[in-house]
Each structure stands twice: as structure tokens, then as C-alpha cells.
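Scope of the values below: all heavy atoms of this structure, side chains included, with no hydrogens, waters or symmetry mates.
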Amino acid sequence: MKKYIYIALAAAALTGCSSDEAIEMVEKKAVSFDNVFVNNATRAADLTADNLADFSVYGSVEANGTQGLIFNNTKVYKPEGATKFQYDNTQYWIASAQYDFAAFAPNTDAKWSYSLTDDKIAQTGTITFDNAAAGANQDFLFAYTKPEKTADKILTQPDAVGFTFNHMLSRVKFTFVNAFAATSNIELKVTDVHITNAYTQGTLPISNGTAGTWKAEAANATLDIDFDNAGTSAIANNSGKASTTHYYLIPVKNTYNVTFNVELIQAGVSVGNYDRTATVEIDLQKGISYDVKAILNDKNATTSELFPIEFTVNGVEGWPTN
């Protein structure tokens with residue numbers, strides 16, 4: 001606080017303005033955040049530049065050989081009806097200083113925490129994400145930007161700090177394909193799709209503004225994720241398909257246990273329900289969306305192989321004669 005008052009007074013001395021005018025000039029040089037962009041988002045729950053309501057900023061400043069943290073999990077938000085982001089307790093640019101800004105979204109109801117390696121440096125630390133608390137249904141974004149060092153004299157309002165956010169989790173959905181022959185007259189309904197051993201939480205290192213590789217403990221692979229039903233209507237044969245909703249997973253390599261129910265429908269008649277299990281190994285990468293496909297046919301749709309209905313002729317009775 002003393003440094004900002006000092007800068008305002010120095011500006012008055014250098015320009016010959018009154019102190020009130022100097023304060024007004026400094027007010028125009030407030031640090032602001034805008035120009036938010038989010039890469040690759042298509043699901044309703046995904047955070048996008050259009051629906052991003054708030055995010056958290058960590059910001060550090062370096063000047064005269066020392067560093068300090070000026071934003072520490074500061075909420076940046078867009079009030080209803082507003083077109084620009086804002087935050088409370090306005091901070092100001094100072095001359096001849098280097099700034100670093102790390103941002104994470106969302107801020108509201110966040111299921112992540114950020115532990116700084118050094119409490120004066122914003123761009124290095126460790127993220128812990130609690131996917132169990134999120135219900136596997138919260139997108140998580142990260143952005144880092146390092147503006148050019150400020151000029152020796154700041155005479156006009158600098159541009160707002162712009163962030164390009166990237167998704168730090170993986171999105172996964174399941175698609176079920178009816179591979180019965182087109183002439184089989186068999187439809188399928190797939191319901192109760194679950195992963196039973198997803199990771200409840202993971203940690204992500206941030207080093208000099210770069211996100212590293214997620215880590216997760218095997219003991220935490222206990223999360224049951226309900227992927228809901230793969231469509232509400234029967235999947236017609238001849239490569240008909242239906243997909244679940246996407247959910248978010250910690251991006252690590254894992255062999256997932258998948259369970260689901262298959263209802264077999266023949267000519268509109270339900271002829272059986274079968275609980276099926278499968279395993280799939282995926283080396284998930286952050287920011288990637290995955291569509292895991294299951295091909296269902298007469299060999300695997302039920303608990304045992306289905307056999308075709310066959311016909312034979314046992315004989316032909318002769319024509320009666322008079």
C-alpha cells in the first residue's frame with residue numbers, strides 16, 4: 001500500500017499535477033483482466049469463453065531484484081449483465097516491473113487447490129484436484145501469461161491481461177454400437193453405464209507457468225462414475241449406436257472397469273437383460289476428449305453366445321389321393 005501511494009506522489013512531482021489529478025491518472029492504470037479464450041469446449045458442462053463466470057488469479061511482480069505476490073487466489077468475475085471481468089481491491093501497474101499471472105477456473109465451487117512452492121511466486125506450485133467432490137462433472141482450466149516488462153514510465157493504461165485457458169482434465173464418454181446383422185431384427189438398449197475404479201483425486205505440477213504431468217495414487221482408484229444411459233431409445237441394428245454423456249477424469253494411465261446393462265429386443269419384444277463387464281486401458285492425456293466404443297454383437301451382447309434360429313425340413317407329407 002505504501003509503494004502505491006509513493007508512486008502516486010512521484011507522478012504528481014514529475015508532471016506538476018495536483019495530487020488529485022495524480023491519483024486519477026494512477027486509477028486509469030489499474031491491472032485488469034479480459035480477452036479470455038478457452039480452447040476446445042463442446043459439452044454443456046464445459047467451461048467456455050462465453051459461459052466462464054469467474055476464475056482465480058495468482059499474480060507476482062518482480063522489481064529491483066525482489067519479488068512479491070499481489071494476487072493470491074483473487075476472484076475475477078463478470079457480474080450479471082456485464083461485458084468485462086472485474087475483481088475487488090484494485091491493483092496497479094508499476095514501472096520497470098515484470099509480472100507473471102497464473103489463472104485457474106472455476107473459482108465458484110472449485111474442487112481444486114493450488115499450493116505455491118514459493119509464496120512470492122505465482123507461476124510455480126502444485127494443483128490438487130478432487131474429482132470425487134466434483135462428481136466427475138466439473139471442468140478445470142489453467143492459463144498462464146507473462147506480459148512484457150512494463151516501461152520505465154507508464155503514461156497510458158496498459159492492455160488488460162489476456163488469458164488463453166486450456167482444459168486440464170480428460171473427457172470420456174462411451175459409445176455402444178449394435179453390430180447385429182441388418183436382417184437380424186434385433187435392437188439393443190444400454191443402461192447403467194459405470195466406471196467403478198476411476199481416480200478420486202490427482203496432483204498436477206505447475207512449473208514456471210507450464211503444466212506438467214498428472215499423478216494419482218493407486219489407493220485413490222475407487223471412484224464410481226455413473227455415465228447415465230446410452231440414449232433413451234433402442235439402438236437399431238446395422239451399426240446403430242448411442243453414446244453416454246461425457247464425464248471428466250484425472251488424466252493418468254489406468255485400466256478401467258466398466259459395467260453396463262444390455263437389454264435385448266426382438267421385433268419390439270424385450271427378451272432379456274444382461275449385466276455386462278469390460279475392461280479398457282487408456283493412457284489419458286489432459287485436454288483430450290475420448291470416445292470409448294463398444295461393439296455389441298451375438299458373441300458378447302449377452303452373458304453367453306447367441307445362436308441363430310435355424311430351420312430344417314423334417315419331411316413333406318405326400319399329397320392325398322382319391
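If you chain together hydrophobic residues whose side chains sit under 4.5 Å apart, Y274 and I186 fall into the same group. In the hydrophobic cluster analysis, where Ile, Leu, Val, Met, Phe, Trp and Tyr join through side-chain heavy atoms closer than 4.5 angstrom, V280 is grouped apart from I295. L188 and V177 fall into different hydrophobic clusters, defined by Ile, Leu, Val, Met, Phe, Trp and Tyr side-chain heavy atoms under 4.5 Å apart, directly or through other members.
With sequence neighbours excluded, the residues forming a side chain to side chain donor-acceptor pair (under 3.5 Å) with S270 are E263, listed by chain and number. In this view, D130 and A132, A133 satisfy the side-chain contact (heavy atoms from CB on, under 4.5 Å) rule, not counting sequence neighbours. Residues meeting the ring-ring contact (aromatic ring centres under 6.0 Å, His included) test with F129, sequence neighbours left out: F140. Checked against side chain to side chain donor-acceptor pair (under 3.5 Å), Q285 has the following partners two or more places apart in sequence or in another chain: D283. Not counting sequence neighbours, the partners of T279 by the side-chain contact (heavy atoms from CB on, under 4.5 Å) test are T255, N257. Legend: residues meeting side chain to side chain donor-acceptor pair (under 3.5 Å) with N273, ordered by chain and number and at least two apart, are absent. Taking T183 as the reference, A181 meet the side-chain contact (heavy atoms from CB on, under 4.5 Å) condition, with sequence neighbours excluded. When the side chain to side chain donor-acceptor pair (under 3.5 Å) test is applied to N261, the partners found at least two apart in sequence or on another chain are D275. With sequence neighbours excluded, the residues that form a ring-ring contact (aromatic ring centres under 6.0 Å, His included) with F104 are Y58, W112, Y114, F142.
Residues A63 and A97 share a closest heavy-atom pair of CB-CB, 4.1 Å. Taking all atoms of both residues into account, the shortest heavy-atom contact from K286 to P251 is N-CB, 3.5 Å.
With hydrogens and angles disregarded, a donor-acceptor distance shorter than 3.5 Å links the side chain of Q98 to the backbone of P147. Counting only distance, with no hydrogens or angles, the side chain of T150 and the backbone of I94 share a donor-acceptor pair below 3.5 Å. Side-chain atoms of T244 come within 3.5 Å of backbone atoms of F174 as a donor-acceptor pair (strictly under, hydrogens ignored). Checking side-chain atoms of D139 against main-chain N and O of L47 turns up a donor-acceptor pair under 3.5 Å. Listed for the D54 side chain is a donor-acceptor partner under 3.5 Å among the backbone atoms of T108. Remark: the backbone N or O of Y87 is not paired with any side-chain donor or acceptor of T90 at under 3.5 angstrom. Looking at N73, its side chain never comes within 3.5 Å of a backbone N or O of S56 through a donor-acceptor pair.
One finds the CG atom of L116 at 9.0 Å from the CD1 atom of I121 (value rounded to the nearest 0.5 Å). Rounding to the nearest 0.5 Å gives a distance of 5.0 Å between OH of Y290 and CG of L284. Rounded to the nearest 0.5 angstrom, K241 NZ and K293 NZ are separated by 4.5 Å. Here D159 contributes atom CG and W93 contributes atom CH2; the two are 9.0 Å apart, rounded to the nearest 0.5 Å. The distance from the OG1 atom of T48 to the NE2 atom of H167 is 8.5 Å, given to the nearest 0.5 Å. Here the NZ-CG distance, from K299 to L296, works out to 13.5 Å after rounding to the nearest 0.5 Å.
By the 30° and 60° cut-offs, the orientation of the rings of Y99 relative to F101 is parallel.
Applying the side chain to side chain contact (heavy atoms under 4.5 Å, CB included) test between N254 and each of N197, I195, L249 identifies N197 as the sole match.
Residues R171 and I288 have side chains not in contact (no heavy-atom distance under 4.5 Å, counting atoms from C-beta outward). For the pair L169/Y247, no side-chain contact is recorded, criterion being any heavy-atom separation below 4.5 Å from C-beta on. No side-chain heavy atom of T124 sits less than 4.5 Å from a side-chain heavy atom of D118.
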I would like to know whether K189 and L264 meet side chain to side chain contact (heavy atoms under 4.5 Å, CB included); could you show each step before the answer?
CA-CA 7 Å; K189 278 188 178 180; L264 198 68; over 6 Å; no
Just do the side chain to side chain contact (heavy atoms under 4.5 Å, CB included) check on F55 and L141 with the steps written out, would you?
CA-CA 9 Å; F55 52 92; L141 309 179; over 6 Å; no
V190 and I235: side chain to side chain contact (heavy atoms under 4.5 Å, CB included), yes or no, with the steps?
CA-CA 8 Å; V190 180; I235 308 171; 4.1 Å; yes
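Pairs of residues two or more places apart, or lying in two chains, that qualify as ring-ring contact (aromatic ring centres under 6.0 Å, His included) and include a residue from residues 253-273 are F176-F260. Among pairs with a residue in residues 89-116, those fulfilling salt bridge (charged side-chain N to carboxylate O under 4.0 Å, His left out) read D109-K111, at least two apart in sequence or across chains.
A donor-acceptor contact closer than 3.5 angstrom links the side chains of Y248 and D46. In the model, D88 has a side-chain atom that pairs as donor or acceptor with a side-chain atom of Y77 under 3.5 Å.
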Side chains of residues 204-227: which donor-acceptor partners sit under 3.5 Å, not counting sequence neighbours?
from: W214; atom 1: NE1; to: M168; atom 2: O; distance (Å): 2.8
from: D226; atom 1: OD1; to: D228; atom 2: N; distance (Å): 2.9

